[in-house]
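In what follows, a structure is listed as C-alpha cells, so that the remarks can point back to it.
Keep in mind that the numbers below use all heavy atoms, side chains included, and drop hydrogens, waters and symmetry copies. In the text below, chain A, chain B and the rest are named by the order of the sequence lines, each starting its count at 1.
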Amino acid sequence: MSRATTCSERVVGYDVVVLGAGLAGLVAAARAAEAGASVGIVALASGGLNLWSGLVSAQRSLFDAEGAEDSGRDSAGADRTEAGRPGRGPASGWTAAETAESARFFAAVTGRAGLPYLSASPASFTVLSPAGNPITCSMLPASAAAGDLTLWGGGQESGGGLLIAGFTELGDYPAGLISARAASRTGNRVIYRSFSLGAAVGRGLAPRLANLFDDRTWFRSFLDLSRRVLGPEARQAAAVAFPPVLGVYRFTQNLQDLAENLGCPVFELPALPPSVPGQRFWRLWRHHLERGGRTTFHLGSRVVEARVQGGKCLWVADWHRRYEGAAFVLATGGVAGGGLEVPPGSLLAQDDFPTAGAGSGRPENPREPVFGLATWGHGRDWLSWGVRTDSDLRPYPDGAATEPLGNVFAAGWQLGGANVSGAAGSIFTAWRAGGLAAAAAGATDGTIPAASTRTGERG
Amino acid sequence: MARRTRPGRPPVRRRTERRGIRWLTPADSVLDHADVIIVGGGATGVGLLWDLTLRGLDVILLEQGGLASGTSGAFHGLLHSGGRYAGSDPATAAECLTENHILRSVARPFVEDTGGVFVRLEEDDADWETRWLEGCRQAGLDARRLDRRDLLSREPALTQSLISAYAVPDASIDGFGLLWSLLWSSAEAGARVYFRARVSGFLTDEAGVRGVTVVGRDERDEAASEGCGGAPGRQGLPAPRTRAIEPGEITAPLVINATGPWAAETAALAGPGPAASVPVERDKGVMLVFNARLVSTVVNRLRPPADGDILVPHGPVTILGTTSGRTRLAGRPRPEPGETALLMREGRSLVPALELAPPLRTYAGVRPLLQKGRDTVSEGASGARKGRAPGHGPGRGEGRGFLLVDHGETDGLPGLLTVAGGKFTTFRAMAATTGDLVVRLLGRRARCRTAEVGVPRLVQGPASPGGGRPAGRAADLAGQLACECELVTLSTTLSLLDAGLDLADLRRLQRVGMGGCQGVFCSRRLAGALWQAGRPGTRAKPQPDEEAIAAELASFQRSRLAGVAPVEWGAQARFGALSRALARLTLGEPVEGERP
Ligand SMILES: Cc1cc2nc3c(=O)[nH]c(=O)nc-3n(C[C@H](O)[C@H](O)[C@H](O)COP(=O)(O)OP(=O)(O)OC[C@H]3O[C@@H](n4cnc5c(N)ncnc54)[C@H](O)[C@@H]3O)c2cc1C
Ligand SMILES: Cc1cc2nc3c(=O)[nH]c(=O)nc-3n(C[C@H](O)[C@H](O)[C@H](O)COP(=O)(O)OP(=O)(O)OC[C@H]3O[C@@H](n4cnc5c(N)ncnc54)[C@H](O)[C@@H]3O)c2cc1C
C-alpha cells in the first residue's frame, strides 16, 4: 500500500482519501486512521461545522427503522430509488448496536481531542434551542450538559428555574426572547439578564468574543462583572445559561470558574451561526488528527476531476494535484455542503434532479459532474437529496448501474435523507464509511469491528 | 352584505381614535367618523389619501393587510414612459408620459432615472416598429433612434441579435418607499390609517351608503389570504385571539372603493347592482429577480406586448417580467414553475447572460384589469377629468385606462364610488380625477395639489409621539446591523417598526431580507431586537408578545420561502438547504411543507 507522500508533489497517495472536512469527513478520517490507514483529507473548507450548534440531534434518523421507512415514503417513489429496492434511507436496516458503537467511538475520540461530549444513549437530552424551543439530542458537548431540562427544570419544587445571561455586544443572541419563549414552552420559570461586557469590548460576532474569553486576565475581570450582575439571581437559580462564546480553547476551565464563582451550575446554550462550538470542533479535531500522524490535510482544494476505471476510483484531482487512493470516502455534504449541484433551471422542468459529484463540476463546463453518480431525493427538499448507494454505502455510478463503485464509500449529508438525521446520522455513516474504506484499502490492523463483515441486506 | 341601520338612529359621530396609523386586532371594534373613507391601501388608495388630505379633507384609509400588501407591493417597479403602450394605445401612452414627468418632479427621491430602451430583435416583426413609431409620435413621445454599436458597448449584456433600438424616458421607481412617505405625510396632516382592518360590509340608510363595518384581522387571517397553500405553515401561529362581538363602524358621507383587483368583490358587499357596475378582472403576472444589475437601463422588447419582455434595473437587482393570465384566486397568487420557465426563455433572448445569473427569487401580482368593451366611466363625473374608456381586444390589448364609478349614478346608491384599474405610474392622475369628483359631491371647493407638492423621503419614520423606546435600550442597539447584505442598521429599523411597520413592510422599504441571505439570518435578528427593544405604549401597533413575534417571523419566512422555492438552484439551492437545516435542527422550528 502506498504511504503518505510529501505535499509539494504533483501526485500524492494515501490508503484512504477522504473528500470533505465537515463532520462526516473528520469522523471518517479518524476511524480510518485508527484502523491503521494513512489518510489524506482533500477539502475546500470546514463545511457545516461553522454553522453547527454542536448538538448531536436525536431526530428521527436515517438509520432507525421508522425514519428509514418514512424516507422511503417520502422519496418520490420506487422508480427513483435504488434498483430493485423500495426507496429507503441509505442506511436502513442497520442495528441499534452499531449506532451505539459509533457513538462510543465518537465520544472516545472527541474526549481525546479535548472536546468532551456526553452521551445519553439510549435516552436523550432535552435542551433549549436558540429560539427557546425544547429540542432533544443524543449527545452534547460537556459545556452544554447542565442545560438538560431535567437538571434545571422539573417544575416548581426546584424553585429557582433558569437564569439566561445575555451580552449586549452579541447581537444575534436575544436572551429576552429566548427566555420568554422557553418559559412558555417548558412551563418553567426562566428569567434573563443582559449586560454589557464593557465599553472597550465593542460589538462583534460570536467568534470574536470567544477569542476574548481565552484571555485569562480579561476573563478574571469578567468573573467579577458576572458576580456583580448575576450574583443575587444566580444564587436563587437552578442553573445559569451563557451564550456559547466562553472561549475557543479555555472554555472548560472558564465554565468551571464561573460555576464556582456564581455558586450554581452553568452551561452554554446553543446559538445561531457562526457557531463557536462548531469551530472548537473543527480546530480541536484537526489538531488531534494531525497529531496522530496518519492524517494529512489538503485544505482549500476543490476536487474537480475523478478517474474511474473498471468500477473503481483511481484518483481525484484539484487544480494542482492528483490524489491517489486505494479507497475513497465521499463526504462532500450534499446540496448543503456543495457536493451536489442543482443545475441552473433544473426546477423549471420539474423532473430534473441534482447532478452528483464531489463538487460543483469542471470549470470549463460547470454542469458536468465530477463523478456523475446516481442520486435520490424528495422534491425541493434539498436536504433529502443524496447519492444512491448499496447498503455498504457504495454509490452507484448512474441510474442504470447495477454494480456500485467498488472502493468509494459515501458518508454524511452526501447520502441525503439528512432531513431526518442531524449530526448523529453523519457520525454513524462516517464511522461506517471510514471503517469500510480502511478495510477496502487493506490497511486494517484487525481492529475493524463486526459491522464491516455484516452480511445480507435488509430493507 | 349591506347592513341597514335602524331609521332615526343618529349617525355615529365619535372621535375616539387618535390620529395616525393603527393596527387592528380581531378584538378591536373601532368607531370613527370622517369626511371620506378610502378602502384599500395600494397605490390607488394611498394616492387618493394624499390627494384628499392636501385638499383639506378629513380622510380615513382602511386596508386589510399592511401597506401595499396587494398589487402595489408586487409590481415591476417601472415608471412607464408610455413606450409600452405606444403601439396599441397611444392615449394611454400619452397619459403615462405626462405622469412620468410629474412624478419625476414631485417624487424625485423615489425615481431612479435609468432611462429605457426599446430593442427589436431579428425575429421580431418590422411592421410593428413602424406602427410603434407612429404611436410614439401621436403620444408625444420622443423615441430617439440609437446606434446599435453604441448601445451594445453601453449595455454589453444585451443580445447581439438586436436590429434596431430607441431611447425612451422610462425609469425605475421605489414604490413602497413612495407610498410609505405619502402615507406618513398624510397621517402627519391629520389623516387616519387602519391596517389589518378589513371592510366586511357597508352601512346604508335611505340616503345611500353612510359608512362601513370593519373587522380587525390577525396573522392567521393574513396567512390564509396569502394563498400559501393551507395547513403546514400554520403550525407556528398562535391560537386566535378573542374576537370582538360587534364589527367596528366607521361612518362618512362618502366611501371610496379603491381595492384594485378586488374592486368587484368589495362592490358586491353593497349588492349585486354595484358589483355589476365594476367590470374588473384579475390578471396574474409573474416576475423574476436576479441578484445583479445586469443592465443599467430599462430594456423593453420592441414587439406587441408579451411575456418576459421587460427588464428593470432596480437598486442592486434586475427584475424580469412579466407574464399575463386570468386568475380567479382571491389571495396573493404564487408563481408556478411553468411561468418562471417561460420568463427565463423569453428573457434569455434579450439578455443571454441571464442563463448564468442566479435568480434570487420570484413573485407574482394581480393586475386590476378592466373587462373589454365596457365603457363605464361614470357620466356623473362631468366637470371632473374622466378616466379613459377601456380599449378592446384580449389580454394585454385591453385598456389600461381606469374606471371611476359613482354608484349613485349607476345603481341608485349614492355615497359610494369605485376607482380601479390603471397602473402604478398613473396613480396620481387617478387620484386627481377622483378627488375632483369627491369635492364636487361633498360640495367643497378645493383643487388638486399633488402635481405641485413635493413628497419628502421618510425613511426614518417620524418622531414617535409621546416619547420613544427607553433610552438605554436604544443605545444598546445603536450601530448594530440588522441586515448585513443590505447594510441596514437596527436602530433605523426599530424606528420604522415603532412607526407601525411590520417585518414584511421592512422587507419592501429597506430591503431587509432581500439580499443574498434572503432573510434567513436578519429576520431572526430582528425578532430578537423587536422583543428586546420593547414597544412603548404609545406605539401604533399592539404590544407584541413572544407569540406575536413568532407569528410575524413565521409569516415573514413563509413569504420568503414562497418566493425562493421556484428558482432554487445553484447557490440558492444550497442556501435553501442550509436554512432548512438551521430551522429544523438548530432551532427546532417547523418547516414549511414538512410533517411534524
Ligand atoms: C446550519 C446547520 C445547522 C446544524 N445544526 C445541527 C443540529 O442542531 N444538530 C445536529 O445534530 N446537527 C446539526 N448540523 C450538523 C450537521 O449534522 C452536519 O453539518 C452534517 O452532518 C453534514 O456534515 P457533512 O460532513 O456530511 O457535510 P459538510 O459539513 O457540509 O461538509 C462538506 C465538506 O465537503 C467539502 N467539499 C464540498 N465540495 C467539495 C469539492 N468539490 N472539493 C473538495 N471539498 C469539497 C466542503 O468544503 C466540506 O469540507 C447542522 C448543520 C448545519 C449546516
Ligand atoms: C405583474 C405586474 C407588474 C406591474 N408592473 C407595473 C409597472 O412596472 N409599472 C406600473 O406603473 N404598473 C405596474 N403594474 C400595475 C400596478 O401595479 C397596479 O395597477 C397598481 O399597483 C394597482 O394599485 P391598486 O391600489 O389599485 O391595487 P392594490 O395595490 O392591489 O390595492 C388594493 C388593496 O385593497 C385591499 N383590500 C381588498 N379588499 C379589501 C377589503 N375588503 N377591506 C380592506 N382592504 C381591502 C388589498 O389588501 C390591497 O392592498 C403591474 C401589475 C402587475 C400585476
With a 4.5 angstrom heavy-atom cut-off, is it the side chain or the backbone of [X] that approaches chain B, or both, or neither?
X        : value
A/Leu55  : neither
A/Pro130 : both
A/Ala271 : backbone

- Heavy-atom pairs under 4.5 Å with chain B, option from A/Gly334, A/Ser196, A/Gly132, A/Pro273 with the top count: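 Looking at each option in turn, the highest pair count goes to A/Pro273.
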- Query: So which of A/Ala180, A/Pro134, A/Pro174 has the largest heavy-atom pair count under 4.5 angstrom toward chain B?
  - Reply: A/Ala180
[X] to [Y] - nearest heavy-atom pair and separation:
X        : Y        : answer
B/Leu585 : A/Gly422 : CD2-CA, 3.7 Å
A/Val335 : B/Arg574 : O-CG, 3.2 Å
B/Gly588 : A/Asn133 : O-ND2, 3.3 Å
A/Trp382 : B/Ala577 : CB-CB, 3.9 Å

- May I ask you to check whether over 12 heavy atoms, not counting those of A/Arg208, lie within 6.0 Å of atom CZ?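 Counting neighbours around CZ of A/Arg208, more than 12 heavy atoms of other residues, nucleotides or ligands fall under 6.0 Å, so yes.
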- Decide yes or no on side chain to side chain contact (heavy atoms under 4.5 Å, CB included) for B/Leu582 and A/Leu51, but give the supporting numbers first. CA-CA 8 Å; B/Leu582 193 70; A/Leu51 310 172; 5.8 Å; no
- CG/B/Leu587 to OG/A/Ser129 distance, rounded to the nearest 0.5 angstrom? 5.5 Å
